[in-house]
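Everything below concerns the one structure shown next.
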Amino acid sequence: MSNVPNQNAEDGPVMAADGTPLKRSLARALRRQKSRALLLIAPLLIFVLVTFIIPIGSMLFRSVENDIVANTLPNAVRQLAGWDATSGEIPSEAVYQAMYYDLFVAVEAKRHTRLGSRLNYEKSGISSLFRQSGRKVDDLAKDATKALEKALPAFKDGETWYALMNAGNDEADTGLLSAMRGRIGRLNDSSASAKMDFAPSAQMADALPLTTRSYTEWAVYEATEEQRDPATRDPWELVPLALLQELKTADLSGLSGPRADLLKQAQAVQFDIPAFSRVFTDIDPEWATPGPWETLQTHSSKYTAGYFLNAIDAQKTPEGIAWQPEDKQILLKLFGRTLIMSLVITGSCILLGYPVAWLLANLPTAKANLLMILVLLPFWTSLLVRTSAWKVMLQQQGVINDVLVWLGLVDDANRLIMINNQFGTIVAMTHILLPFMILPMYSVMQTVPPTYLRAAKSLGATNWTAFWRVYFPQSIPGIGAGSILVFILSIGYYITPEIVGGTKGVFISNRIAYHISSSLNWGLAAALGSILLAVVLLLYWCYDRIVGIDNVKLG
C-alpha cells in the first residue's frame with residue numbers, strides 16, 4: 001500500500017487520500033473556502049447593493065430620463081419631428097390632429113397634468129395650458145357622439161361597437177393590439193398585459209385605421225386599467241369622432257355584410273368636423289403660437305441633458321443651449337456657497353479641534369477620559385436638539401446677545417444678527433461636526449511618541465520649532481481624515497442649514513430636498529445630486545493626488 005503514491009506519481013497525476021487527483025481536490029477545497037467567505041459577507045453585500053448602489057444608479061438614471069412626453073403624446077411627437085421650429089410658423093394640421101387624439105387619451109388616463117408639470121419645469125405657464133385644454137378637449141368628441149347616436153341609435157349600445165370592431169372569426173390585427181398594449185402600458189407605467197377576448201379586425205383596420213386604433217386603445221385601457229369587459233361598455237367619445245372623420249373619405253367597397261351596411265348608414269350622418277387647429281385655438285389662443293410646440297419638440301426625446309442644464313442655470317431651447325434669465329440663476333450660487341461654507345466649517349473644526357485633540361492625547365489617562373466624555377456628550381445628543389438650541393442661543397433676544405448686552409459689548413438697540421444667515425449655519429455646523437474632526441486627530445496623535453519632542457528640545461529646538469517640525473507633520477494624517485469626514489458630511493448637510501440658515505445660509509442639499517418634496521421635479525433633484533456626487537469624487541481624487549489617501553489614518 002505504501003508504494004501506491006509513488007507509483008501514481010510516476011504513472012500520472014498525484015492522487016489525494018480519497019483517490020481523486022490532488023489538483024482537483026485542492027481546487028474543490030478552495031471553492032468551498034470562497035463559497036463560505038461569500039456566504040459570510042453576502043448580507044453586507046446585499047445591504048450595500050440595496051441601500052447604496054441601486055439608489056445611486058436610480059438617481060443617475062432619473063437625471064437623464066425624459067420619456068413622459070413621448071409616452072403621453074406619441075403620435076404628436078412623431079408628427080412634430082418634421083416641423084421646423086425656427087421657421088416661426090405653427091405646425092401643420094396633422095400635428096394638431098395627432099395632438100388631439102393623444103391628449104384625449106391622456107386626459108382619460110389623468111396623465112395630462114403630469115405632462116404639464118414636467119414641461120412647466122422648462123416653460124412657465126404651460127402646465128395651466130394643459131390643464132385648461134384637458135377640461136375642454138372632449139367637447140368636440142361629445143358633439144360627434146350625439147350626432148352619430150341621434151342618427152343611428154344602435155351606436156348607443158356598446159355591443160354594436162364591439163361587433164363592428166372585433167375580429168371574431170375573421171383575421172385579427174394582432175400587431176395593432178400589441179402596439180396598443182404597449183401604448184397604454186407606457187402611458188400608465190403598467191404592463192397592460194391583462195387577458196382580453198377582443199382583437200381588432202384586420203379588415204376594419206385597413207378601411208378605418210384611426211377608428212380601429214382608437215377603439216383598440218380604449219378596449220385595452222378598459223380591460224387592463226379598469227378591469228371591465230369592453231364587449232358591454234360604450235367606448236370613449238373619441239371613437240365616434242374618429243369614425244365620422246374617416247367616413248367622409250373612407251372607401252367601404254371592400255366591406256360586406258351587416259358591418260358594411262351599418263357603416264354606410266353612418267357615412268350619411270351630417271356632422272362638420274372643424275379643423276383641429278381651430279379646436280385648439282378656441283380652447284386657448286396660446287396653441288396658435290409656436291411657443292408650446294417648441295417646448296414639446298425640444299423636450300420630446302426619451303433621454304435629455306435638460307435637467308443637468310437646469311442644474312447649472314442653463315436651459316435647452318430650439319436654438320441650442322442658453323442661460324436662464326438672471327433672476328432665475330440661483331443654483332450655481334448655491335453650489336459655490338455650499339463649497340465655500342463647507343471649507344470654512346472644515347477650517348473652523350481644524351482650528352478648534354486640534355488643541356482639544358492634542359490635550360486628549362497628552363493629558364493623563366483619567367483627565368483625558370473626562371475630557372473625552374465632554375467631547376462625546378454633545379455627539380450623543382439629538383441633532384435636532386443641538387440645532388434647536390443654537391437657534392435659541394443665536395437669536396437677537398437669545399442668550400448670547402443678552403450676555404453681550406450685559407457685558408456692555410453690544411448696545412441693546414443694536415443686537416447682533418447671528419441667526420438665519422451664513423454665520424448661524426457655520427457656528428451650528430462647526431459645533432455639530434467638531435467630534436468628527438477631533439476623534440481622527442486624537443487617534444493619530446496618540447501614536448506620536450512623546451520622546452520625539454523631548455529629543456528635539458534636547459537638541460536645541462524651541463517649543464514652536466519642535467512642534468512645527470516634529471509633531472505637526474506626524475499629526476497630518478489625522479487632520480486629513482478629519483477634514484475629509486467633516487467636508488463630505490457638511491457638503492450634503494440638510495437639517496441644520498434649513499433650521500438656522502434662513503435664505504442666505506442654506507446649502508444645495510436644501511434645494512434638492514425642495515425639488516423632491518415640494519416641486520416634485522425629481523429629474524432636477526437627481527441632476528443636482530449627481531453633480532454633488534461628482535464634485536465629491538473629484539475632490540477626493542484631487543486629495544489623493546495631492547496628499548495621498550494612504551496618508552489618511554483613523555488611528
Side-chain angles (χ1 to χ4, degrees), residues 340-394 398-400 403-404 418 422-454 456-457 461-493 495-497 500 543 547 551-555:
I340 292 173
M341 290 181 66
S342 296
L343 288 173
V344 172
I345 292 165
T346 304
S348 302
C349 287
I350 293 173
L351 292 176
L352 296 175
Y354 197 92
V356 177
W358 185 85
L359 279 175
L360 283 169
N362 291 279
L363 282 176
T365 305
K367 294 181 179 178
N369 289 339
L370 180 62
L371 188 58
M372 179 62 79
I373 291 175
L374 295 178
V375 172
L376 294 178
L377 194 60
F379 193 54
W380 294 334
T381 308
S382 166
L383 172 65
L384 194 60
V385 170
R386 282 182 287 167
T387 305
S388 301
W390 278 112
K391 191 170 183 66
V392 172
M393 292 176 66
L394 292 175
V399 176
I400 296 177
V403 171
L404 293 176
M418 297 182 290
Q422 296 183 11
F423 179 79
T425 300
I426 292 172
V427 170
M429 287 189 60
T430 299
H431 168 247
I432 290 169
L433 296 176
L434 195 55
F436 291 98
M437 182 66 75
I438 292 175
L439 294 177
M441 288 198 294
Y442 166 66
S443 298
V444 172
M445 289 177 181
Q446 266 194 323
T447 63
V448 179
T451 52
Y452 287 6
L453 281 178
R454 289 199 294 269
K457 291 177 183 178
T462 63
N463 288 336
W464 170 252
T465 303
F467 166 76
W468 184 249
R469 303 190 62 177
V470 176
Y471 190 88
F472 182 76
Q474 297 181 77
S475 66
I476 286 179
I479 298 174
S483 298
I484 288 180
L485 276 175
V486 171
F487 183 79
I488 292 179
L489 286 173
S490 60
I491 205 173
Y493 236 68
I495 296 176
T496 303
V500 302
Y543 185 89
V547 179
N551 293 324
V552 175
K553 296 179 181 176
L554 295 175

Atom of P355, atom of L351 and distance for their closest heavy-atom approach | CD-O, 3.1 Å
Supply the atom-to-atom distance W380 CH2 to I373 CD1, rounded to the nearest 0.5 angstrom.
-> 7.0 Å
Between V427 and M418, does a side chain to side chain contact (heavy atoms under 4.5 Å, CB included) hold up when you go through it step by step?
-> CA-CA 9 Å; V427 170; M418 297 182 290; over 6 Å; no
Enter the distance from I432:CD1 to T387:OG1 here, rounded to the nearest 0.5 Å.
-> 3.5 Å
Is there side-chain contact between L383 and Y493, with heavy atoms separated by less than 4.5 Å?
-> yes
Where M437 and C349 come nearest, the two heavy atoms and their spacing = CG-O, 3.5 Å
Mark yes when over 12 heavy atoms from residues, nucleotides or ligands other than Y452 sit less than 6.0 Å from its OH; otherwise mark no.
-> no
Look up atom CZ in F467 and atom CG in L453, then write down how far apart they are to the nearest 0.5 Å.
-> 9.0 Å
Report the distance from atom OG1 of T430 to atom CH2 of W390, rounding to the nearest 0.5 Å.
-> 9.0 Å
Donor-acceptor pair, T447 side chain versus V444 backbone, under 3.5 Å?
-> yes
Donor + acceptor pair across side chains of S475, Y354 (<3.5 Å) | yes
Heavy-atom closest contact (V500 atom, A428 atom, distance) = CG2-CB, 4.1 Å
Identify the two heavy atoms, one from L433 and one from V486, that lie closest to each other, and give their separation to 0.1 Å.
-> O-CG2, 3.7 Å
Contact summary for P440 and P435, nearest pair of heavy atoms | CD-O, 4.2 Å
Nearest 0.5 Å, what's the CG-CD distance between N362 and Q446?
-> 9.5 Å
Distance col, row I345:CD1 vs I350:CD1, nearest 0.5 angstrom, shows 12.5 Å
Shortest non-hydrogen separation from L371 to V356 and the atoms involved = CD2-O, 4.4 Å
Give the C-alpha distance, both sets of side-chain angles, the deciding distance and a yes or no for side chain to side chain contact (heavy atoms under 4.5 Å, CB included) between V470 and R454.
-> CA-CA 10 Å; V470 176; R454 289 199 294 269; over 6 Å; no
Flag the pair V375 / Y442 as yes when at least one side-chain heavy-atom distance between them is below 4.5 Å, and no otherwise.
-> no
Is there a side-chain contact between Y471 and M445 (heavy atoms, below 4.5 Å)?
-> yes
